[in-house]
Amino acid sequence: MSTGDLCGLRIVVSAGTTYEDMVPVHFLGNRSSGHMGFAMATAAAARGAEVMLIAGPVQLATPEGVMRTDVRSAAQMHAAVFAALPCDIYIGAAAVADYTPAQVSASKSKKSDGPLTLTFVRTRDILAELAVDPRRPRLVVGFAAETDDVEAYARDKLVRKKLDLIAANRVGVPGSGFESEDNALLLIDATGTRALGPAPKTQLAHSLLDEVAAGLKRKFLDADRHG
Ligand code: PMT
């Protein structure tokens, strides 16, 4: 039987990049390696949670005791996350594409000397939809990848997407964000802002779960107080 402070909780974690196919040979992806999300899944399972990991195309082994669904595109990740409901906590660590090509060509396009113009359309926002779904997890936790004004942009995402907690990290600098083994997080919720790290992602995952567990406890207390 599982033991640990997250025992009895079902947690869904998304991790890694998504690939948006344009033609059979080209796709739109990003630099997410999956390390942050896999570290979250590993830490949650080690603390007794039942963990479902929804992974984009990454080169990482499945953590011990974790269930995994592999997806390729933002649309597939959206479908896999909603198929994994109900859960108590959703942690969106994946770098999901915000845009996908309006049309996918069935054949490889021929080069010409002129510029190439492609039209992209918005993908569905998994986090924002989950936060207002009737099956909303008790805690919806997002990440924010920002190059500047990290706190302000992350706070805007917390409010706009109706999240309980957001973990913001700076990208585009060495030692944090994409691909790096280490990261530094700014945690923002209704109670304020805390800085975590810099530290290895494996360690930060546990610190972030401490905050998640505390957030869940606060929600239970609030729910009790308000009947
Ligand atoms: O994978 P690594 O190499 O270890 O890098 C870790 C990381 C930098 C990818 C990770 O720490 C991180 O910041 N993940 C979120 C990246 C991101 O896409 O951030 P965003 O600010 O664009 O999106 C905000 C939130 O909305 C994220 O929780 C994202 O999962 C979610 N989102 C975005 C678009 C979309 N269509 N659906 C979503 O749910």
Side-chain angles (χ1 to χ4, degrees), residues 12-20 28-43 53-60 63 71-82 84-85 89-100 120-133 136-137 139-189 196-205 207-208 212:
V12 175
V13 180
S14 72
T17 175
T18 61
Y19 286 170
E20 306 305 313
L28 180 72
N30 63 67
R31 293 172 54 188
S32 173
S33 62
H35 278 117
M36 191 69 240
F38 275 59
M40 294 304 305
T42 306
L53 177 61
I54 314 292
V58 296
Q59 306 298 318
L60 296 175
V71 298
R72 179 173 174 85
S73 64
Q76 288 173 2
M77 188 168 274
H78 181 284
V81 167
F82 278 80
L85 298 178
I89 301 169
Y90 174 71
I91 302 175
V96 187
D98 291 316
Y99 291 90
T100 193
F120 291 89
V121 293
R122 288 296 300 265
T123 56
R124 294 172 71 172
D125 193 309
I126 302 166
L127 262 185
E129 286 189 22
L130 203 56
V132 294
D133 193 88
R136 186 193 202 278
L139 230 59
V140 179
V141 181
F143 272 74
E146 310 293 347
T147 51
D148 46 85
D149 287 340
V150 175
E151 185 169 356
Y153 283 125
R155 190 173 289 285
D156 174 65
K157 283 176 187 166
L158 173 83
V159 174
R160 197 162 31 85
K161 299 194 184 200
K162 299 185 167 56
L163 310 179
D164 297 293
L165 174 68
I166 195 156
N169 44 199
R170 195 177 286 280
V171 293
V173 292
S176 76
F178 294 121
E179 293 168 318
S180 159
E181 293 288 322
D182 296 336
N183 206 357
L185 296 175
L186 207 55
L187 301 191
I188 307 170
D189 65 7
L196 295 181
K201 286 176 178 172
T202 48
Q203 190 182 318
L204 282 177
S207 307
L208 178 49
V212 166

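Note that the structure is predicted; figures quoted are calculated from it, not measured. Each ligand, and each atom within it, is numbered from 1 in the order the structure gives.
At a heavy-atom cutoff of 4.0 Å, ligand 1 is contacted by no atom of H78, backbone or side chain. The part of N169 lying near ligand 1 is the side chain, judged by heavy-atom distances below 4.0 Å. At a 4.0 Å heavy-atom cut-off, ligand 1 touches E179 through the backbone alone. Residue-level proximity to ligand 1 for V96 is carried by backbone and side chain together, each with a heavy atom below 4.0 angstrom. At a 4.0 Å heavy-atom cut-off, ligand 1 touches D98 through the side chain alone.
The shortest non-hydrogen separation linking A199 to L204 is O-CD1, 3.6 Å. Nearest heavy atom pair, residue L28 against residue Y99, reads CD2-O, 3.8 Å.
For ligand 1, the polar-atom distance check against G142 finds no nitrogen or oxygen pair separated by under 3.5 Å. Backbone and side-chain nitrogen or oxygen atoms of S14 are examined, and none is located within less than 3.5 angstrom of a nitrogen or oxygen of ligand 1. Checked by distance only, ligand 1 and A145 come closer than 3.5 Å through their nitrogen or oxygen atoms. Residue L127 has at least one N or O atom closer than 3.5 Å to an N or O atom of ligand 1. Between R124 and ligand 1, at least one N/O pair is under 3.5 Å apart. For a threshold of 3.5 Å applied to N or O pairs, the pair formed by V171 and ligand 1 contains no separation below that value. Between K157 and ligand 1, at least one pair of N/O atoms sits closer than 3.5 Å.
Remark: Y19 engages F27 in a ring-ring contact (aromatic ring centres under 6.0 Å, His included) (not counting sequence neighbours).
Of the protein's heavy atoms, A95 CA, 3.3 Å lies nearest to atom 18 (O) of ligand 1. Closest protein heavy atom to atom 27 (C) of ligand 1: F143 O, 3.1 Å. Regarding atom 6 (C) of ligand 1, its nearest protein heavy-atom neighbour is M36 CB, 3.6 Å. Counting protein heavy atoms only, atom 28 (O) of ligand 1 is closest to G92 O, 2.7 Å. For atom 14 (N) of ligand 1, the closest non-hydrogen atom on the protein side is A93 O, 2.9 Å. The protein heavy-atom contact nearest to atom 32 (N) of ligand 1 is K161 NZ, 3.9 Å. The shortest contact between atom 2 (P) of ligand 1 and any protein heavy atom is with S33 OG, 3.3 Å. With hydrogens left out, the protein atom closest to atom 29 (C) of ligand 1 is A94 O, 3.4 Å, a heavy atom.
Residue A97 places a heavy atom under 4.0 Å from ligand 1. Look at A74 and you'll find every heavy atom at least 4.0 Å from all atoms of ligand 1. Under the 4.0 angstrom criterion for non-hydrogen atoms, G16 is not in contact with ligand 1.
Interface atoms of ligand 1 facing A144, defined by a heavy-atom separation under 4.0 Å, are 21 (O). Every atom of ligand 1 with a heavy atom of K201 under 4.0 Å away is listed here by number and element: 2 (P), 3 (O), 4 (O), 5 (O).
In this structure, F82 places its CZ atom where more than 12 heavy-atom neighbours from other residues, nucleotides or ligands lie under 6.0 Å away.
Note that NZ of K162 is 12.5 Å distant from CD of E129, once rounded to the nearest 0.5 Å.
Of the candidates L187, L196, V212, L196 is the only one forming a side chain to side chain contact (heavy atoms under 4.5 Å, CB included) with S207.
Using a 4.0 Å cut-off between a side-chain N of Lys or Arg and a carboxylate O of Asp or Glu, K157 and D125 do not qualify as a salt bridge.
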